[in-house]
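For reference, the structure discussed in these notes is given below.
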Amino acid sequence: FAFILGVTAGYLNGSWADRVVTGMAVVGVSVPNYWLGMLLINCFAVELQLLPASGMGPQGSITFNILHPQHLRHVILPVVTLSMIPMGIIARTTRAAVAKTLNQDFVQTLRAKGLKAQTVAGHVVKNALPQILAVMGLQFGYLLGGSILVETVFTWPGTGFLLNKAILTRDIPVLQGVTLLLATFFVVTNLLVDLLQTAVLSGTGRAAQIGRPVAGKTGTTSSNKDGWFIGFSSGLTTGVWMGRDDARPVGESCPGVAP
């Protein structure tokens, strides 16, 4: 959801939608999650009595099933509380990455070539995705550490609640075990993000390579078996690689290139 809001704000840079998303992101990052949790409990559990204030379900954590309506009601407040800060950071990062990518030269080339807006948006998102994935991976790791206070506020029997209990009771073996488990999850998550970034970069390497030099004049176009490379400006030009899915078939005549 934060990714969609960030992409929308990046495309509508300077509009009222951008200001709304940016304001929501700033508020989400600025509010402490434990204070937000207590505020939500006071509002929706105490005053309105719409959602439960604590626990994992009517029968505790023994028979928890997220698909069950009663158990799902216990998840809403902790999830909203825990996700506010990561959503704000991801939305701001996505907005900045998309807005920066839109100002690059290859986007103008794609539009000048006559590609549809959906195709251009796909190239923009793909080129901004590696930076966004890195932030998502870090925020997922921070969720594991930030869950300590949230699980304590909502009495949610998870790793954070167990870690807090071990600290209060000075249970060193449990403290060491939980810390090692959380650190392992953090390392594995970052490893998976790095692998995913590599896959994304390999998939977008031919979609847009900014600053790739090609000698020639204005409008110079070269080709090989994989697609077209369109250069612009004079002298030592830069251009954008157009894959075969976005370009005319290889071998078809075009200005500057022999069939």
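At least one side-chain heavy atom of Phe3 sits less than 4.5 Å from a side-chain heavy atom of Leu129. Side chains of Trp156 and Leu77 form no contact here, defined as non-hydrogen atoms less than 4.5 Å apart.
Checking side-chain atoms of Asn42 against main-chain N and O of Met38 turns up no donor-acceptor pair under 3.5 Å. Within the 3.5 Å criterion, the main-chain N or O of Leu50 finds a donor-acceptor partner in the side chain of Arg73. Gln131 places no side-chain N or O within donor-acceptor distance of the main-chain N or O of Ala97, the cut-off being under 3.5 Å.
Each of Val178, Thr179, Leu180 was scored for a side-chain contact (heavy atoms from CB on, under 4.5 Å) with Leu182, with one residue passing: Val178.
The number of heavy-atom neighbours closer than 6.0 Å to CZ of Phe44, taken from other residues, nucleotides and ligands shown, is 12 or below. By the neighbour-count criterion of 12 heavy atoms within 6.0 Å, atom OH of Tyr11 is densely surrounded, having more than that number from other residues, nucleotides or ligands.
To the nearest 0.5 angstrom, Ile172 atom CD1 is 8.5 Å from Arg170 atom CZ. The CG atom of Leu51 sits 9.5 Å away from atom NE2 of His74, with the distance rounded to the nearest 0.5 Å. The distance from atom OG1 of Thr94 to atom CE of Met87, rounded to the nearest 0.5 Å, is 11.0 Å. In this structure, the separation between CD1 on Ile167 and CG on Leu162 is 10.0 Å, given to the nearest 0.5 Å.
Across all their heavy atoms, Val193 and Gly137 have their closest contact at CG2-CA, 3.5 Å. Of all heavy-atom pairs spanning Leu175 and Ala166, the tightest one is N-CB, 4.0 Å.
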### Query
Which is it for Val153 and Ile41 under the side-chain contact (heavy atoms from CB on, under 4.5 Å) test, yes or no, and what are the steps along the way?
CA-CA 9 Å; Val153 169; Ile41 290 175; 3.8 Å; yes
### Task
Might you work through the side-chain contact (heavy atoms from CB on, under 4.5 Å) test for Val31 and Ile85, ending with a clear yes or no?
CA-CA 8 Å; Val31 175; Ile85 294 179; over 6 Å; no
### Query
Given the rule in the side-chain contact (heavy atoms from CB on, under 4.5 Å) test, do Val75 and His71 qualify, once you have shown the distances and angles that lead to the verdict?
CA-CA 7 Å; Val75 179; His71 293 176; 5.8 Å; no
### Message
What verdict does the side-chain contact (heavy atoms from CB on, under 4.5 Å) test give for Leu36 and Leu40, after you've listed the backbone C-alpha separation in whole Å, the side-chain angles of each residue and the deciding distance to 0.1 Å?
### Response
CA-CA 6 Å; Leu36 178 62; Leu40 293 177; 4.1 Å; yes
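By the rule that hydrophobic residues join a cluster once side-chain heavy atoms approach within less than 4.5 Å of another member, Leu138 and Val188 end up as members of separate clusters.
For Thr22 and Asp18, the side-chain atoms include at least one donor-acceptor pair closer than 3.5 Å.
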